[in-house]
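These figures come from a predicted structure and were not determined experimentally.
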Amino acid sequence: MSNNNKTPPILSSQICTQLLPLAFKLYHSYMGKSLNPSKRQKLIAHYDHRHLQEQPLIPGLPDHVAELCLSRVHPSLLYSVCRSWRRLIYCPFFPPFRSFYALFFSSSDNEIQLLSFDPMSSRWETVPPPPNPLRLLVHHPSFLCRNLPVQSISVSGNLVLLAGTAPNFNPAISRPLIFSPLSCSWSLGPPMATPRRWCAAGASGPTVYVASGIGSNFSTDVARSLEKWDLWEEDEMDDFRWNKMRQLKDGRFSTDAIDAVGWRQKLCMVNVAKQGTLYDVTNDIWEQMPEGMVGGWRGPVAAMDEEVLYAVDEDKGLLTRYNQDSDNWEVIMEVENLRGACQMAAAGGRLCVICGDGEILVIDVVAAPPKFWTVQRPAELEPLAVHILPRLSRLDF
């Protein structure tokens, strides 16, 4: 997700020169020792090593040692050197760099599409579609100025679709749809006791949470409900289910599509009426949100690694950061493009923001001062949500 300058051809020899001492050190270190064969077999189970046999990754070294060396080099450098190194960075067993993914709405066929933006090649790539086309209701004549939400979250390196509206206005998703970038595949989560829409959806660690919302008809029980599902337990059939947690005290979050932002073992939720609440995921209790926190919640909010909260003031175009000690939001920068921002994701020191005109803005908040740039979206596609996830594995590069 950064501007990538093409590396000059001489870089190949420079990198090799720098890597060879490390390579031979690792080679002699590992000669005669096990490289944890069971773990390695698991990592390469979906990858055909014949792709890498056209030429050695580093002449004179076994490929498994060369891979250890090259894994310490930034992927943007490897991408620019040679085809075998470029292929390596997309292997399922190679440490994945981050890309961002966007859910788009195509008005031509009324379908939801998921695309990935590769920061190495600076281009959009198609993602394998789910088993069944995603035909969700996004626009309707009765809601001229408002989109019907499609709710998705990022959790443990996966994208999870949780809620949407069917053409008959019923909840469209009865089981979570999970996309894994590293396996390029879709799977289904456990059935929800009550499929819903207009709910609060979020994650803390590997656990998905859904709160409140509306089912086929309004229900007080659903409007006050909170359920969780742990992705790490999906292989255990006894745990492959949603678990009910402590209820909300009322149903005031049931008519808004809300991001339940995971932050320091809590879920932060603020509705359109600017009413906020915190859920303590460790102790299963609901807490009052601090006044300063809810007061600065004036647009999309995202948490960097669940530790630092960033918010966009969609009216003023301000990017802010929450200070827990002083209970206020510190202004980081003002960008005209951020006016009207509607959704944001955070990971790896970057923010990805969908702005009011459908533009996608990327902000490097680690840089001093912060840098930002735009990514041109595909023609005739309307962005609904962005997520920052591991890059796609490409076995036929």
With rounding to the nearest 0.5 angstrom, report the [atom1] to [atom2] distance, [X] to [Y].
{"X": "I360", "Y": "C355", "atom1": "CD1", "atom2": "SG", "result": "9.0 Å"}
{"X": "N170", "Y": "L137", "atom1": "CG", "atom2": "CG", "result": "11.0 Å"}
{"X": "R98", "Y": "R391", "atom1": "CZ", "atom2": "CZ", "result": "12.5 Å"}
{"X": "W329", "Y": "L309", "atom1": "CH2", "atom2": "CG", "result": "5.0 Å"}
{"X": "Q151", "Y": "L103", "atom1": "CD", "atom2": "CG", "result": "12.0 Å"}
{"X": "I89", "Y": "S84", "atom1": "CD1", "atom2": "OG", "result": "11.0 Å"}

Let me check something: do [X] and [Y] share a hydrophobic cluster, defined by ILVMFWY side-chain heavy atoms less than 4.5 Å apart, either directly or through other members?
{"X": "L319", "Y": "M304", "value": "yes"}
{"X": "L381", "Y": "V386", "value": "yes"}
{"X": "I258", "Y": "V261", "value": "no"}
{"X": "V331", "Y": "V353", "value": "no"}
{"X": "I354", "Y": "L115", "value": "yes"}

- Item | All pairs passing salt bridge (charged side-chain N to carboxylate O under 4.0 Å, His left out) where residues 262-279 contributes a residue, at least two apart | R264-E307, K266-D280, K266-E287
- Item | Pairs meeting criterion salt bridge (charged side-chain N to carboxylate O under 4.0 Å, His left out) with involvement of residues 361-386, two or more places apart | R350-D364
Least distance between heavy atoms, [X] atom then [Y] atom:
{"X": "A211", "Y": "L226", "answer": "CB-CD1, 3.7 Å"}
{"X": "L338", "Y": "L361", "answer": "CD2-CD2, 3.6 Å"}
{"X": "G262", "Y": "A303", "answer": "O-CB, 3.2 Å"}
{"X": "G202", "Y": "I153", "answer": "O-CD1, 3.5 Å"}
{"X": "A200", "Y": "M269", "answer": "CB-CE, 3.6 Å"}
{"X": "V365", "Y": "P370", "answer": "CA-CB, 4.3 Å"}

Minimum side-chain heavy-atom gap [X]-[Y] below 4.5 Å:
{"X": "C268", "Y": "V301", "result": "no"}
{"X": "L161", "Y": "L134", "result": "yes"}
{"X": "P171", "Y": "S216", "result": "yes"}
{"X": "V208", "Y": "L231", "result": "yes"}
{"X": "M192", "Y": "L162", "result": "yes"}
{"X": "I58", "Y": "L61", "result": "yes"}
{"X": "L136", "Y": "L148", "result": "no"}
{"X": "S107", "Y": "F105", "result": "yes"}

If we count only N and O atoms by modelled type, under 3.5 Å, do the side chains of [X] and [Y] hold a donor and an acceptor together?
{"X": "D327", "Y": "Y322", "value": "yes"}
{"X": "R339", "Y": "N337", "value": "no"}
{"X": "R196", "Y": "S212", "value": "no"}
{"X": "S156", "Y": "N158", "value": "no"}

- Query: Does the cation-pi check pass for R321 over Y310, that is, NZ or CZ under 6.0 Å from the six-membered ring centre and within 45° of its axis?
  - Reply: no
- Task: Decide yes or no on side-chain contact (heavy atoms from CB on, under 4.5 Å) for D313 and T320, but give the supporting numbers first.
- Result: CA-CA 8 Å; D313 186 323; T320 60; 5.6 Å; no
Please work out which of the three classes, parallel, tilted or perpendicular, describes the rings of [Y] and [X], given edges at 30° and 60°.
{"X": "W229", "Y": "W242", "answer": "tilted"}
{"X": "F179", "Y": "W186", "answer": "tilted"}
{"X": "W286", "Y": "Y279", "answer": "tilted"}

Has the side chain of [X] got a donor or acceptor atom that lies under 3.5 Å from a matching backbone atom of [Y]?
{"X": "N283", "Y": "I285", "value": "no"}
{"X": "S80", "Y": "S76", "value": "yes"}
{"X": "N328", "Y": "G292", "value": "no"}
{"X": "S393", "Y": "L182", "value": "yes"}
{"X": "R224", "Y": "S254", "value": "no"}

- Item | Residues in side-chain hydrogen bond (donor to acceptor under 3.5 Å, both in side chains) contact with R175, at least two apart in sequence or another chain | none
- Can F104 and W124 be said to form a ring pair (Phe, Tyr, Trp, His ring centres under 6.0 Å), step by step? CA-CA 12 Å; F104 290 100; W124 289 98; 5.3 Å; yes
- Message: As a quick check of understanding, evaluate side-chain hydrogen bond (donor to acceptor under 3.5 Å, both in side chains) for D118 and Y79, giving each step before the final call.
- Response: CA-CA 12 Å; D118 185 337; Y79 183 91; 5.9 Å; no
- Item | W198 ring center near F253 ring center (under 6.0 Å) | no
- Report yes if the distance between the aromatic ring centroids of H74 and F97 is under 6.0 Å, otherwise no. no
- Task: In sequence, state the C-alpha distance, the side-chain angles, and the governing distance for R86 and V81, and then conclude on side-chain contact (heavy atoms from CB on, under 4.5 Å).
- Result: CA-CA 7 Å; R86 183 180 302 179; V81 173; over 6 Å; no
- List the steps, then state whether side-chain contact (heavy atoms from CB on, under 4.5 Å) holds for L159 with I178. CA-CA 6 Å; L159 184 145; I178 309 144; over 6 Å; no
- Test side-chain contact (heavy atoms from CB on, under 4.5 Å) applied to V375 and V362, step by step: CA-CA 7 Å; V375 173; V362 182; 3.8 Å; yes
